[in-house]
Structures are given as C-alpha cells and as structure tokens.
Amino acid sequence: MTISYSDSFSMLMLRWRGSLWKAVLKDLIIFYIFYYIIMAFQWYLLDEKQKEYFTGWIKWCEYGASYIPLSFLLGFFVAVIVARWWEQFNWISWPDKMMMTLAVCLPGEENMPVRQTIARWSSLQAAIAWSGISVRTLKRFPTENHLVDSGLMTKEEYDLYTGTEAPHGKWFLPTIWILNLIKATYKQGRIDSVQLDIIMRQVYAYRDGFAMLFVYDWIKIPLVYTQVVAIATYGYFVICVIGRQPKLDIKSMEKEISILFPIFTTFQMCFYLGWLKVGQFLMNPFGEDDDDFELNYILDRNTFIAHMIASDVADQCPKVAEETVKH
Amino acid sequence: MTISYSDSFSMLMLRWRGSLWKAVLKDLIIFYIFYYIIMAFQWYLLDEKQKEYFTGWIKWCEYGASYIPLSFLLGFFVAVIVARWWEQFNWISWPDKMMMTLAVCLPGEENMPVRQTIARWSSLQAAIAWSGISVRTLKRFPTENHLVDSGLMTKEEYDLYTGTEAPHGKWFLPTIWILNLIKATYKQGRIDSVQLDIIMRQVYAYRDGFAMLFVYDWIKIPLVYTQVVAIATYGYFVICVIGRQPKLDIKSMEKEISILFPIFTTFQMCFYLGWLKVGQFLMNPFGEDDDDFELNYILDRNTFIAHMIASDVADQCPKVAEETVKH
Amino acid sequence: MTISYSDSFSMLMLRWRGSLWKAVLKDLIIFYIFYYIIMAFQWYLLDEKQKEYFTGWIKWCEYGASYIPLSFLLGFFVAVIVARWWEQFNWISWPDKMMMTLAVCLPGEENMPVRQTIARWSSLQAAIAWSGISVRTLKRFPTENHLVDSGLMTKEEYDLYTGTEAPHGKWFLPTIWILNLIKATYKQGRIDSVQLDIIMRQVYAYRDGFAMLFVYDWIKIPLVYTQVVAIATYGYFVICVIGRQPKLDIKSMEKEISILFPIFTTFQMCFYLGWLKVGQFLMNPFGEDDDDFELNYILDRNTFIAHMIASDVADQCPKVAEETVKH
Amino acid sequence: MTISYSDSFSMLMLRWRGSLWKAVLKDLIIFYIFYYIIMAFQWYLLDEKQKEYFTGWIKWCEYGASYIPLSFLLGFFVAVIVARWWEQFNWISWPDKMMMTLAVCLPGEENMPVRQTIARWSSLQAAIAWSGISVRTLKRFPTENHLVDSGLMTKEEYDLYTGTEAPHGKWFLPTIWILNLIKATYKQGRIDSVQLDIIMRQVYAYRDGFAMLFVYDWIKIPLVYTQVVAIATYGYFVICVIGRQPKLDIKSMEKEISILFPIFTTFQMCFYLGWLKVGQFLMNPFGEDDDDFELNYILDRNTFIAHMIASDVADQCPKVAEETVKH
Amino acid sequence: MTISYSDSFSMLMLRWRGSLWKAVLKDLIIFYIFYYIIMAFQWYLLDEKQKEYFTGWIKWCEYGASYIPLSFLLGFFVAVIVARWWEQFNWISWPDKMMMTLAVCLPGEENMPVRQTIARWSSLQAAIAWSGISVRTLKRFPTENHLVDSGLMTKEEYDLYTGTEAPHGKWFLPTIWILNLIKATYKQGRIDSVQLDIIMRQVYAYRDGFAMLFVYDWIKIPLVYTQVVAIATYGYFVICVIGRQPKLDIKSMEKEISILFPIFTTFQMCFYLGWLKVGQFLMNPFGEDDDDFELNYILDRNTFIAHMIASDVADQCPKVAEETVKH
C-alpha cells in the first residue's frame with residue numbers, strides 16, 4: 001500500500017515500513033561483509049611492504065570513486081521516474097463521474113437496471129484491465145472464472161467474452177458493452193444526443209485511464225538508462241569496498257588516524273542507495289512493494305461507490321426549502 | 001495563513017512570521033549546544049597529545065562532510081515539492097463559475113430557492129471534503145452536528161446524510177444532491193439539455209477539486225525520498241559538530257588561525273536547513289504552519305460569494321444605453 | 001515595460017534599460033566601499049605580524065565562501081520563478097475572442113448597443129481586477145470615481161457597484177453584468193442555447209485570467225525560499241569582502257602576486273547578483289520595474305480593440321467573388 | 001521493439017538486448033585498442049627520459065579531462081530527449097475511440113459497410129503517414145502498390161489517391177475520405193449535428209497524432225546541441241586515451257602504483273557513453289533500434305481492433321437483467 | 001531552414017550547415033589571435049624575472065576561471081530556451097483542420113466560393129500576422145500592396161483593410177472576415193448552431209496561433225538573464241586568454257611540460273560556446289539563422305493545402321463497397 005504519513009517529520013525518520021532503512025539494509029550488510037573480509041585480509045595476511053602497496057590501491061580506488069557523478073545521474077533519473085509515477089497514479093480510473101452522469105441523464109427507478117449493470121461493468125472493466133498491469137490484481141483474478149465467481153460477470157457475459165476472438169487483446173469489451181447499452185437507451189429516446197455526448201465523454205474518460213496504464217506498462221524507461229544508473233551506483237560502492245579501507249601501513253598511520261568503521265560510506269549508502277531505491281520502487285508502481293498503489297483496494301472502493309451511486313443515492317435529494325440564510 | 005509579501009525585497013529579510021529565522025532557530029540552538037560541549041571537552045579535558053589525535057578526527061569529519069551532495073538532493077527534492085504544492089493550491093475549488101452559470105441558466109426570482117440551496121450545498125460540500133484533508137477545517141467541523149449548527153446543513157439533510165451507509169466514504173453526497181436538484185429542473189423543462197451540459201461541466205469542475213485534494217492527501221511523496229533528504233541534511237550537520245571544531249593542538253594553531261564561532265556552519269545551516277524547511281512546510285500545505293493555505297478563510301469567502309451570486313446579484317444588470325463612446 | 005529586444009546579440013550587452021549593469025550597480029558600489037576600507041585598514045594600520053594574522057582570516061573566508069552552492073540555489077530558484085512569471089503573463093485576459101464571438105452570435109446594427117456595452121464592461125472588469133494586483137493600474141484608478149471619469153463606468157453603474165455590499169470582494173461584478181446581459185438576449189430568443197454555451201465559454205475564459213492573477217498575487221513563492229536564496233547570495237559577497245582581499249604580509253607576497261582590484265569578484269557579482277535580480281524582478285511582474293508587464297498599455301489596447309470589434313468591424317466582410325485562383 | 005522488462009531489478013543488469021553492454025561495446029573496444037597501442041609505444045619505444053616527458057603529457061591530459069562538465073551536459077540533454085521521446089509515443093494514434101464512437105452513432109447491420117470502410121481507411125491513413133516517419137513502415141509499404149496488395153486500399157482508391165496532385169503532400173487524404181463519408185451519412189439524416197460533432201472530434205484526435213509525428217520528425221533537437229554533447233563525450237574519452245595511461249617513468253612508479261588496465265575509465269565509459277546512447281536511441285524513436293517503437297506491430301493491432309469494433313462487437317451487448325448484487 | 005537530420009550519428013558531426021563548427025568558428029579565431037599575441041609578448045618581450053611575474057598572473061587567472069559555474073548557468077538557461085522554442089513552433093497555425101471542417105459543414109459545389117475565399121483569407125491572415133514576427137516573411141510582404149500582388153488579397157479587400165483605422169493593430173481583420181462569412185452562411189440556414197460551434201472552434205484554434213506568436217515575440221526572456229549568461233560565457237574565455245598561457249619561466253618549465261596550443265581551451269570553447277549558441281539561435285526562432293523555422297515555406301504549403309481542401313478534394317470520397325476483408 002502507498003504509505004500515507006501524517007506523523008511529525010522527525011517521527012517519520014523512525015518508520016520501518018516503506019522506509020529507507022528497510023530499503024538499504026540488505027545491501028548494507030553485504031557491503032559490510034566484503035569490507036571486513038578485505039580489512040581482515042589486509043590486517044592479518046599482509047606484511048608491512050604489502051600493506052604499503054595495498055595503500056596505493058586504496059588511494060587509487062578513492063580517487064577513482066570521485067570520477068562517478070552519482071548525484072547528477074540519480075537526480076535526473078529519479079526526477080523522470082517520480083514524474084512518471086505520479087502521472088500513472090493520475091491515470092487510475094474512477095467511475096464516480098460516469099455514474100453521476102448516468103444518474104442525471106438516466107434517472108428514476110425505471111433506469112436502475114441500466115445504471116446497475118453499467119456500474120458492474122465498470123468494475124468488470126477495471127478488474128480485467130488492471131489484471132494486465134498489476135500483479136496483485138492478477139493474483140485476485142487469475143482467470144475469467146474468478147470474475148464470474150466474484151459476481152462481476154454473469155455466466156452469459158462470460159460466454160460472450162470468452163467467445164470473442166481477439167489475438168490482439170479484448171480488455172475493452174466491457175466498455176463496448178457500456179456504450180452499446182447507452183446506445184440502446186438513446187434509440188429508445190430516453191436520452192437525446194446532447195446527453196449521449198455528455199455520457200460518452202465520461203465513459204471515454206473512464207476508458208482512457210486503462211488504455212494509458214497499458215501504455216505506461218508497455219513503454220518503460222529505456223533499459224539502458226536504468227542500467228546506467230544502477231551500474232554507476234553499485235559500481236561506486238564496489239569501488240568503496242577497497243577505497244574506503246583504513247590505510248594500515250606505518251607511514252599512513254602516522255600521518256592520519258585510522259577508523260575501522262566506514263561511517264561516512266555507510267552514510268553515503270543510506271542516501272545514494274536510498275535515492276536509487278526511490279527510483280526502483282516507483283518504476284513499477286503496481287507491484288507488491290510497500291509503496292505501491294493498491295489497485296485491489298481501489299477496485300473494491302469503486303465497485304461499492306459505483307453501485308451506491310447507481311442505486312441508493314441515484315435520486316437522493318433533500319427537499320428544497322425557501323432559503324433564509326442571511327450573512 | 002499563506003504569507004503575502006509586498007514589502008521591499010530587503011525588508012523581507014527581517015520578517016519573522018513564516019521566515020527562515022523562525023524555521024531554523026531551534027535546530028541552530030541544538031547545534032550550538034553540542035558544538036560547544038565538544039569544544040569545552042577538547043579544550044579542558046584533552047592534553048596536547050590527545051588534542052593532536054582529536055585534530056585527526058576533525059580533519060576526517062571535514063573530509064567526510066564533503067561526500068554529501070546536499071545541494072543536489074535538496075534542489076531536486078524541493079523542485080518536486082514546490083510543484084506539488086502549487087498544483088494542490090490550484091485544485092482548491094471555487095464555486096464562482098458554478099453559481100454564475102446557475103444565475104444564467106436558472107434566472108429570476110422563481111429559481112432563487114434552487115440557486116440558494118445549491119450555494120449552501122456547495123459550501124457544505126467544501127466543509128465535508130476539506131475536513132478530510134485539513135486539520136484546521138476538521139477542528140472547525142469535528143462532527144456533522146457542527147455542520148448543522150453552522151447553518152450549512154439542515155436537520156433533514158443531516159438525517160439523510162448520516163442515514164446513508166458508505167464504508168468507503170460519502171463525502172460526495174452534496175454533489176449528488178446538487179446534480180439531482182438540477183436534474184429536477186431539467187425534468188420540469190426549466191433548462192434544456194445543452195444548458196444541463198453547461199451546468200454539469202461546472203459542477204464537475206467544482207467536484208474535481210475535492211477529489212484531487214483527497215488524492216494528493218493520500219498519495220504523498222514516497223517516504224524513502226523524504227527520509228533520504230532528511231537523513232542527508234541532518235547527518236551533514238551532525239558530522240559538522242565535530243568537523244567544524246577549531247583545531248586546538250599546537251601544530252595546527254601555528255599553521256592556521258582558530259576561530260571559536262562556527263560562522264560558516266551557521267550560515268550553511270541557514271540555507272541548507274532553510275531549504276529543507278521549505279520542503280517540509282510545503283509538503284503538507286493544509287496544516288497549521290504559517291505558510292499553509294487557510295481553507296477556513298476560503299470556505300467563509302466561498303460561502304459568502306456563492307450566496308451573493310445566488311441571491312443579490314443573480315439578476316443584477318445595469319440598463320444598456322445607446323453607447324456613444326468614440327475613440 | 002517589458003523590454004523587447006531585437007538588436008544583435010552583442011549589442012544587447014551594452015543596453016542599460018532593464019539590464020544587468022543597472023541591476024547590480026548599486027550593490028557593486030557598496031561592495032567596493034567596504035572592500036577598500038578593509039584594504040586600507042590592512043595596509044596602513046596593521047604591522048607585519050598582524051598582517052600575517054589577517055592573512056589567516058582571508059584564507060579562512062576564502063575557504064568558507066566555497067561552502068556556498070550558489071549556482072544550484074540560484075539555478076533551481078530562478079527556474080521556478082521564470083516558470084511562474086511566464087504563466088502569469090499567459091493569464092492576462094484579452095477580450096478579442098469574446099468580442100468576436102459576440103459579433104458572430106449577436107450580429108447587426110440592432111445588437112450593437114449590447115456589444116458595445118459588453119466591450120466597455122470588459123475594460124471595466126480589467127480595470128477593477130488589475131487595480132488589485134498592479135501598482136500602476138491602481139495609480140491610474142485609485143477610486144471608483146476615476147473609473148467613471150475615464151468613461152469606463154456610467155453613473156448608474158457606479159451606484160449599482162458601490163451599492164453592492166461585499167466584504168469578500170466584488171471585483172467580478174462586471175462579469176456578472178455581462179452574463180446577465182447575454183441572459184437577457186437569450187430570453188428574447190436572439191441566441192439559442194448552443195450559442196449561449198459558445199459565448200459563456202469565452203466570457204469564462206476572460207474571467208479566469210483575472211481570478212488566476214489574484215491567486216498568483218495572493219500565493220507567492222514561500223518566504224523562506226526567497227530568504228534562503230537572498231541570504232546565501234548576499235552572505236557570499238559579505239564573506240568575499242574579506243576573503244578576496246590581497247594578502248599583504250611578506251611571506252604571501254613572495255609566494256604569489258597581489259592584485260589590488262577584485263576583478264573576479266566583480267565578475268562574480270555581475271552574474272550571481274544578476275541571476276538573483278532576474279528572480280527578484282520576475283517575482284513581482286506587475287510592479288514598476290523596467291521588465292514588468294505594462295497592464296495599463298494592455299488595458300488601453302483592449303479597450304480600443306474591444307470597441308472596434310463591437311462596432312466598426314463587427315459585420316465587416318468583403319464580398320465573396322467566384323474564386324479563380326489556380327495553382 | 002521497445003524492451004518491456006518485468007524481471008527483477010538485478011536480473012535486468014544481465015540483459016543483452018537493448019542493454020548498456022550492447023550499446024557501449026563497440027566504442028569500448030576501439031578505446032582499448034588505442035589505449036594499448038599507446039601503452040605499448042610508451043613501454044617499448046621510450047627511454048627513461050622520454051617516459052618522464054610523456055608522464056608530463058599524461059598529467060596534462062588528466063587535468064584537461066576535468067575541464068569537461070560531462071554530467072551536466074548529458075543530464076540536461078537527456079532530460080530534453082526523454083521528454084520528447086515520451087511525447088512522441090503519446091502522439092501515436094489509436095483508432096479505438098473513433099471506431100467505438102462510430103459504433104454508437106452509426107449502429108446496426110445497415111451501417112456496417114460505412115464502419116468497415118472507415119476502419120480500413122484508418123489503417124490506410126496510419127500506413128501512409130507512418131511510412132513518412134518510420135523506416136520500418138516504409139520498408140513494409142515502399143510504394144502505394146503495396147498498400148493495394150496488403151488490402152488496405154482498393155484499386156479505385158489507388159487511382160483516386162495517385163490521381164490527386166499535391167506537391168506539398170497528401171498524406172491526409174484518407175482522413176478527408178473518412179470525413180466525407182461521415183458527411184454523407186449526415187446528409188442522409190442518419191446522424192444529427194451533435195453526433196457529427198462527437199464523431200469529428202474523434203477523427204481529428206486520430207488525425208492530430210499523425211500531424212504531430214510529422215512535426216516531431218521535421219523539427220529535431222537543433223543540430224548544434226546534439227553536436228555539443230557528442231563532441232564533449234567522445235572528446236573526453238579521446239583525452240582519456242592518454243590521460244589515463246599508467247605513468248611508467250621510475251619516479252612516478254615509486255610514488256604510486258601502476259595499474260595496467262584502465263578500470264575506472266572503462267567504468268566511466270559504461271555510464272557516460274551509456275547515458276549518451278540513451279539520448280541517441282531515443283532521439284529517433286521510430287528507427288530500427290532495439291528500443292524503438294514498433295509501428296508495424298501497432299499498425300497490425302490497430303487494423304485488427306478497428307475491424308473488430310466495426311464488425312463483430314459493434315453491437316455486442318449482454319442482456320440487462322434486473323440487477324441483484326448487494327454488498 | 002530548420003535542419004532535418006537523418007544521417008547516422010557519427011556523420012552528423014561532420015555537417016557544416018547549422019553546425020557547431022560554423023557557430024563557434026569566428027569566436028575561436030578571435031580567441032587564437034589574442035592568445036598568440038599575448039604568448040608572443042610573453043616569449044619575446046619579457047625577461048626571466050618578468051616571466052616569473054607573468055606566471056603569477058597566469059595562475060591567478062587560472063584560479064579565477066574556476067569561480068565561474070558555466071555549466072549550471074548554461075544548463076538552466078538553455079533548458080528554458082529550448083522549451084520556449086518548441087512551444088513557439090507548436091503555436092504555428094495550420095489551416096488543415098479548419099478547411100476540413102468547412103468541407104464537412106459547408107459541402108458541395110454551391111459552397112465552394114465560400115470555402116475558397118476562407119482558404120485565401122487564412123493565408124492572408126498568416127501572411128499579415130507572420131510579417132509582424134518574422135524577418136523573412138516581412139521581406140516577402142513589406143507592404144500590403146505585395147499581398148495584393150501575390151493574389152492573397154483582392155483590391156476591394158485592400159481598400160477595406162487599409163481603410164480600417166486601428167492604432168493598436170488590425171492583424172486579426174482576416175479572421176473577422178472569416179467569422180462574418182460563416183455568420184452569413186448561418187443566417188442563410190446553411191449550417192445550424194452546433195456546426196457554427198464546430199467551425200468557430202477551429203477558426204479560433206487557427207487564430208490563437210498568431211496571437212500567441214505575437215506574445216512570444218513581445219515578451220522575451222528578460223534581458224538580464226540573457227546578459228548574465230553571455231557575460232559569464234565570454235568573460236570565462238577572456239580570462240582564459242591569460243589563464244591558459246603556457247608558463248614560460250624556467251622554474252615552471254622544469255616542473256611541467258609547456259604546450260603551445262591551447263587544445264583543452266579550444267575544446268571547451270567548442271562546447272561551452274556551442275551550448276550558448278544553441279540558446280542564441282533558438283531565442284529568436286523566426287529569424288534568418290540556419291536553424292530557424294521557415295515560415296515562408298509553411299505559408300506556401302498552407303496556401304496550397306487550404307486551397308486543395310477547399311476545392312479539389314472537398315467532396316472527394318471513394319465509393320463504399322460492401323466490405324469483405326476478413327482477418
């Protein structure tokens with residue numbers, strides 16, 4: 001689930017779920033293991049002369065690490081990813097306005113079956129489309145039979161759906177059904193062509209969300225870009241395994257103090273790797289990470305709300321009294 | 001309240017409310033306390049040999065601080081936050097155009113109750129929706145009873161509202177009422193379907209603001225990103241507590257002057273912490289900070305204006321004379 | 001006035017009005033005064049030993065100046081400001097399309113009074129709204145009486161306007177009048193509801209510009225951000241007053257040449273302060289700076305054009321001949 | 001084809017197709033060849049004195065390389081390119097909504113020929129337009145005859161198309177035909193003018209995609225910008241051929257260790273060149289690179305879907321039962 | 001003309017037209033002249049002592065050059081410019097959709113004079129408006145008489161146009177004529193009000209392009225910003241004229257090798273100046289540079305296409321056969 005946070009800013013630092021600490025822990029441990037293996041090797045196995053030579057390697061790696069412009073790479077990369085992530089969220093479809101429009105244009109008890117059917121189909125549409133992009137939704141509806149079981153699809157619709165041949169995908173069929181049902185009410189003269197226009201705009205807005213999420217799912221940030229950033233970040237810390245070793249030959253130890261815990265490198269891993277993880281998590285916002293969008297919850301919410309607007313509150317309206325509010 | 005500033009640029013530097021000085025003061029004091037404790041420790045408790053050793057630590061921390069690319073992290077982070085902050089403001093709903101449209105399509109004395117009711121419901125809608133995102137509005141209307149007390153809701157509406165079961169939220173009910181009231185006027189033939197379209201577009205524009213603010217409130221900047229930036233910034237100054245100490249051993253004191261007040265670090269805290277605070281303040285623009293949007297004021301303004309357009313000026317129009325202006 | 005420049009690029013460097021040179025001159029002079037006072041103090045009042053000690057201060061300040069990431073701060077800040085500045089310009093309302101639409105939907109001699117009145121009210125609307133955000137327009141119309149004197153408002157309208165009570169502002173009254181006048185023509189059957197829609201879209205587009213400019217005027221870039229940038233920039237040059245002094249002790253003078261004019265610092269002030277001034281000028285684009293938008297000129301232009309489209313050219317159309325152009 | 005990746009992040013590093021490794025391999029090999037030729041020359045052909053002199057060159061080149069702000073250049077450049085690349089994808093036209101609209105407004109068996117013809121013309125339009133911008137589509141349809149052979153165009157249409165003289169391009173003719181066919185149904189009274197509006201909006205949305213892709217194809221990122229970035233990147237590595245040589249004179253070898261493989265430079269080439277390649281690949285997204293958009297696949301998909309919506313599912317709609325879903 | 005490039009990436013480097021090499025050549029030559037004059041002065045006119053002193057100056061300038069954050073300034077500046085440049089291109093008006101809409105709403109032989117006249121007026125509109133912003137178009141139509149000569153304007157229209165008094169500009173008159181001609185067809189009942197709406201939207205979209213280009217032409221990037229960037233870039237290279245001199249005193253020549261050609265500075269000029277030139281070229285995209293938009297070509301294209309859609313293909317439509325394509 002997306003992590004909503006309303007704690008005070010300082011408290012947020014201590015959070016575990018969806019947090020920095022959780023994100024970098026594994027990598028940090030691996031780093032420490034290699035770091036201390038090499039330190040032990042340097043300490044116990046090398047004689048003074050070799051230590052001096054090893055110090056040359058340390059310096060060389062320290063220098064080499066400075067060649068990597070991590071902050072830029074990450075800054076530009078994460079900026080692109082964050083923008084995409086937010087755009088993707090905004091393409092999540094909500095049926096509210098479509099259902100409200102139906103309640104306005106097809107009011108009353110007599111149109112309730114139409115409204116309720118469209119409400120159900122709107123959820124069916126979401127279930128089918130989101131199964132194609134979200135692992136969680138796919139797990140919930142692995143086959144069309146699960147749609148029937150969950151009540152989103154009738155048996156007749158199942159036959160119609162599975163009976164339609166479409167090698168290039170047929171996720172949009174429920175939208176077609178919605179449109180054709182509205183077309184029928186138009187033919188019966190229950191709505192005029194202006195209202196047809198009003199409704200169709202809402203149906204298309206609802207549909208566009210699914211189409212766009214397929215597009216985002218299909219066209220990812222180019223692989224090269226992702227690799228460039230990951231290589232640079234992990235490469236940096238590989239170099240640091242040697243480059244941040246204490247210099248243990250006598251000459252160096254006289255010149256500067258030796259600290260046996262790589263505190264600044266730990267610190268750097270926290271924010272460089274954390275920054276990279278921001279990118280990794282957001283790159284696939286419909287997965288199963290802590291910070292991912294919970295489409296299943298949204299689907300439940302939408303199913304309920306769509307049905308509610310179609311039935312209970314479709315014609316709910318308090319009586320208009322002669323207003324007397326004065327200011 | 002959002003700070004409106006119209007003073008001259010140099011005067012702005014001296015402002016306290018919503019200012020840099022207020023934002024960083026607390027952190028600055030904490031920094032000084034630790035800084036001088038360590039300095040006292042170094043000065044009084046260490047002998048010359050230890051001081052020399054401590055100078056090694058200072059140098060090491062000074063070097064370590066340079067590893068942190070604060071300006072990039074803050075630059076990219078604050079850029080994202082400022083963009084979101086402004087977008088959020090732009091999603092604040094104003095009823096002006098909706099009410100004007102009603103005045104055009106449902107004119108005259110005979111439609112005044114409809115217009116006035118919709119004006120009231122528009123404020124009711126705002127009060128309910130904004131309670132969900134703003135601490136201040138929630139404090140003003142902690143329960144639905146407060147809505148009745150403030151005159152935004154009648155008793156009958158209260159019963160209807162609380163009587164509607166909706167585990168997934170029902171904040172949009174006033175919008176449904178508005179739509180259904182307009183639907184009624186359409187059925188009575190007071191507006192045609194083109195006008196229905198005109199009005200519905202305005203109602204939806206009004207509603208969209210609330211929906212989007214819920215979205216912004218729900219989907220925050222990912223926690224990891226926030227933590228990365230906060231860790232880096234505060235970590236930097238923790239390192240500076242040691243790294244910016246004067247070097248008090250004799251060798252160093254001969255080589256360079258010792259200054260006992262960390263003036264540049266103070267300066268750095270001003271703008272690095274200030275920059276971070278920009279991000280912190282703007283991340284939650286509907287809270288109770290000095291710079292936050294005052295939804296309660298906007299609600300009052302909107303209530304007044306909506307009622308005014310619905311009643312007093314709904315049909316106000318000066319007489320058109322034969323124009324004689326020539327240029 | 002906004003500076004339009006069409007000279008060759010190299011000539012632009014020599015421009016004074018709205019130029020870099022004008023922007024930084026004052027600050028540069030103040031910098032020189034302090035710089036040479038300190039240099040004189042160092043030269044005449046310090047003995048060799050003190051000069052050596054002072055050189056320590058110079059080095060320390062030189063080092064401290066490098067802590068300030070001015071280019072980032074300014075880069076990100078000015079990017080935000082420039083974007084806002086341009087958006088603000090684009091929210092300036094032009095009546096052209098509204099008047100053209102009226103000419104199409106309400107044609108002929110018989111509708112001229114309506115068109116002319118709306119043309120005048122459109123200017124009245126602009127005069128009232130822009131007085132609220134622009135110092136120059138406010139100076140031109142300090143009171144409603146000035147609107148009457150300038151011919152934008154009749155006496156009757158003045159009474160109606162001032163007679164309307166509105167503690168939360170009533171700048172939008174002329175728009176209400178425009179809408180109500182159009183409503184009257186609709187009631188008389190001179191336009192149908194599709195045309196009503198066409199016209200209202202244009203009226204709302206015209207109105208939105210004013211509403212948005214009020215918003216931009218009300219919600220400024222947060223004060224903290226502005227302060228952070230100003231503090232950092234001016235602080236940098238305060239540090240430079242000492243940090244860029246020539247080192248006048250004998251040891252330093254042997255090691256490196258001493259240059260008595262701070263040429264690079266002058267150069268830095270030119271572009272760093274210039275960059276900051278870009279931000280300062282653009283932050284308030286409706287003020288009285290050289291580069292500010294001239295709303296008064298736009299108001300005159302709009303008044304003329306609106307009247308022209310309403311009257312002279314409202315039905316202007318050359319005769320359509322049988323076309324014979326071949327290619 | 002655009003590379004869709006759904007593997008785990010660490011697995012992605014090992015991918016070859018569309019990957020970093022493939023992108024930089026050739027340049028890397030060329031770099032090694034020159035690097036080792038020069039190293040061999042230095043090793044075998046130079047005497048000690050010359051080696052010392054050569055070390056001067058190495059240092060000078062090492063210093064010179066630091067003058068080049070590669071990360072900024074690439075960061076800003078790639079940001080622009082990535083934005084354009086994504087915009088271009090979003091201008092790819094999909095006929096889905098146009099066909100759905102036709103199914104709604106021109107329903108039934110009797111309108112099927114019209115719908116099917118428009119479906120075919122929509123593909124014809126795409127085939128003609130995309131041939132102008134994509135090498136792959138051009139290879140598929142090198143002449144109009146291929147369009148006839150593929151069944152997208154009838155013989156009669158071929159004559160009409162080739163018979164139309166148009167020195168400035170006539171790619172939009174199929175759109176004209178679509179519009180004129182709809183015009184005919186309007187004249188016959190099968191749709192009213194509101195429906196005409198609905199359909200035309202969809203047709204124009206479909207057409208706009210092609211027009212915009214022509215624009216993106218015509219107006220590229222200015223050549224100078226591309227050259228600046230390429231020169232800087234390749235120039236950097238040319239300098240590195242010398243600047244990253246081991247220093248082989250005795251003095252240097254005593255001071256620091258000599259490593260005979262340019263490991264950090266290899267590393268830098270990976271991400272700097274990889275970053276540049278991101279830009280190069282995305283600059284021309286309709287070419288034949290691994291990461292390019294596959295317009296031919298999209299064309300096939302669109303042809304199928306358009307025909308399917310026009311024929312099989314045009315009136316598909318399950319029966320509406322009295323809904324009984326309760327939650 | 002905008003440079004369209006479809007060569008391979010490496011070939012592009014060798015292009016001359018609109019290229020980096022052309023852009024920086026002049027500045028580079030001037031730099032060399034001053035550079036070698038100073039080198040000659042240093043070599044022949046200074047004695048050893050003076051050379052040593054001059055080396056101090058070189059070092060000081062070398063250090064001073066490092067104060068200038070060119071890459072940021074240019075990066076942020078060019079990002080703004082490139083965005084504006086592309087926006088400007090997108091505001092170029094194309095009559096295609098307007099003419100297509102006319103063909104749909106005013107079909108047949110009997111409406112051809114109306115369509116043809118509007119086609120001609122659309123070109124007339126473009127010719128008049130673009131003369132105001134593009135030097136090239138102005139050269140083509142320096143007076144209204146040239147419009148008559150080119151056949152875009154009849155004598156009668158010329159009289160009407162020049163007879164209209166408009167101190168604030170009258171470039172929009174052809175648009176007014178178009179609207180009034182459509183108004184006439186509406187009055188005659190040839191189109192209904194929905195079609196009027198459809199057409200007007202297209203006419204306004206066409207008009208908006210001209211209005212926006214005037215705005216972009218009027219409101220430039222603030223002069224200060226342009227000056228800041230130019231000063232910084234040229235200043236940098238002025239400093240380099242001294243700062244990149246070889247150090248010719250004996251002590252320095254022993255320490256490091258002296259290279260008599262400023263190869264890295266040449267290289268820096270290539271990309272820093274090239275980057276600046278990108279900004280300069282794009283700042284005025286309707287001028288006469290190699291990379292500027294060719295409005296005259298677009299005008300010819302539009303004139304042809306508009307006439308073609310108005311006449312030849314206005315009612316072109318192949319016969320609809322019973323479709324038999326199966327997949």
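So you know, we letter chains A, B, ... as the sequences are listed, proteins then strands, and number each from 1.
Residue contact with chain E, scored on non-hydrogen atoms closer than 4.5 Å, involves the side chain of I239(D) exclusively. Looking at V80(D), the atoms closer than 4.5 Å to chain E (heavy atoms on both sides) all sit in the side chain, from C-beta outward. For I298(E), the part lying under 4.5 angstrom from a heavy atom of chain D is the side chain only. In this structure, chain D has no heavy atom under 4.5 Å from any part of K22(E). For T55(D), no part sits under 4.5 Å from any heavy atom of chain E, backbone or side chain. Interface remark: Y53(D) contributes backbone and side-chain atoms alike to the contact with chain E (heavy atom separation under 4.5 Å). Looking at A83(D), there are no atoms closer than 4.5 Å to chain E (heavy atoms on both sides), in backbone or side chain. Only the side chain of E87(D) comes within less than 4.5 Å of a heavy atom in chain E; its backbone stays farther off. Only the side chain of V78(E) comes within contact range of chain D, judged by heavy atoms closer than 4.5 Å. In this structure, the portions of Q316(E) lying under 4.5 Å from any heavy atom of chain D include both its backbone and its side chain. For D315(E), the parts lying under 4.5 angstrom from a heavy atom of chain D are both the backbone and the side chain. Heavy-atom distances place the side chain of W121(D), and not its backbone, under 4.5 Å from chain E. Interface residue V313(E): backbone and side-chain heavy atoms are both found under 4.5 Å from chain D. No part of R115(D) comes within reach of chain E, as not one of its non-hydrogen atoms sits under 4.5 angstrom from that chain. Heavy-atom distances place the side chain of D208(D), and not its backbone, under 4.5 Å from chain E. Of the atoms belonging to K187(D), it is side-chain heavy atoms, and not backbone ones, that fall under 4.5 Å from chain E. Using a 4.5 Å cut-off between heavy atoms, S193(D) touches chain E through backbone and side chain atoms alike.
Per-residue counts of heavy-atom pairs under 4.5 Å with chain D were compared for P107(E), C270(E), G279(E); the largest is that of P107(E). Of the listed residues (I305(E), I259(E), V194(E)), the greatest number of heavy-atom pairs within a distance under 4.5 Å of chain D belongs to I259(E). When R207(D), E165(D), K59(D) are compared by the number of non-hydrogen pairs under 4.5 Å with chain E, R207(D) comes out ahead.
Ring planes of Y297(E) and H168(D): tilted class, angle from 30 to 60°.
Residues of residues 66-74 of chain E lying under 4.5 angstrom from chain D, judged on non-hydrogen atoms, are S71(E), F72(E) by number. Residue-level contacts of residues 197-206 of chain E with chain D, in order of numbering, are I198(E), R201(E), Q202(E); threshold 4.5 Å between heavy atoms.
Ring to ring, Y216(D) and W86(E) are close: their centroids are under 6.0 angstrom apart.
Residue A166(D) comes nearest to F304(E) through the heavy atom pair CA-CE2, 3.9 Å, listed as atom of the first residue, atom of the second, then distance.
F76(D) places none of its side-chain heavy atoms less than 4.5 Å from the side chain of V82(E). Considering only heavy atoms from C-beta on, I263(E) comes within 4.5 Å of W60(D) through its side chain. Using a 4.5 Å cut-off on side-chain heavy atoms (C-beta onward), F281(E) and P222(D) make no contact. Looking at T164(D) and M308(E), their side chains come closer than 4.5 Å, going by heavy atoms from C-beta outward. A 4.5 Å side-chain heavy-atom check between I176(D) and I309(E) finds at least one atom pair inside the cut-off.
To the nearest 0.5 Å, atoms CG (D96(E)) and CZ (F172(D)) are separated by 6.0 Å. To the nearest 0.5 Å, atoms OH (Y236(D)) and CZ (F271(E)) are separated by 11.0 Å.
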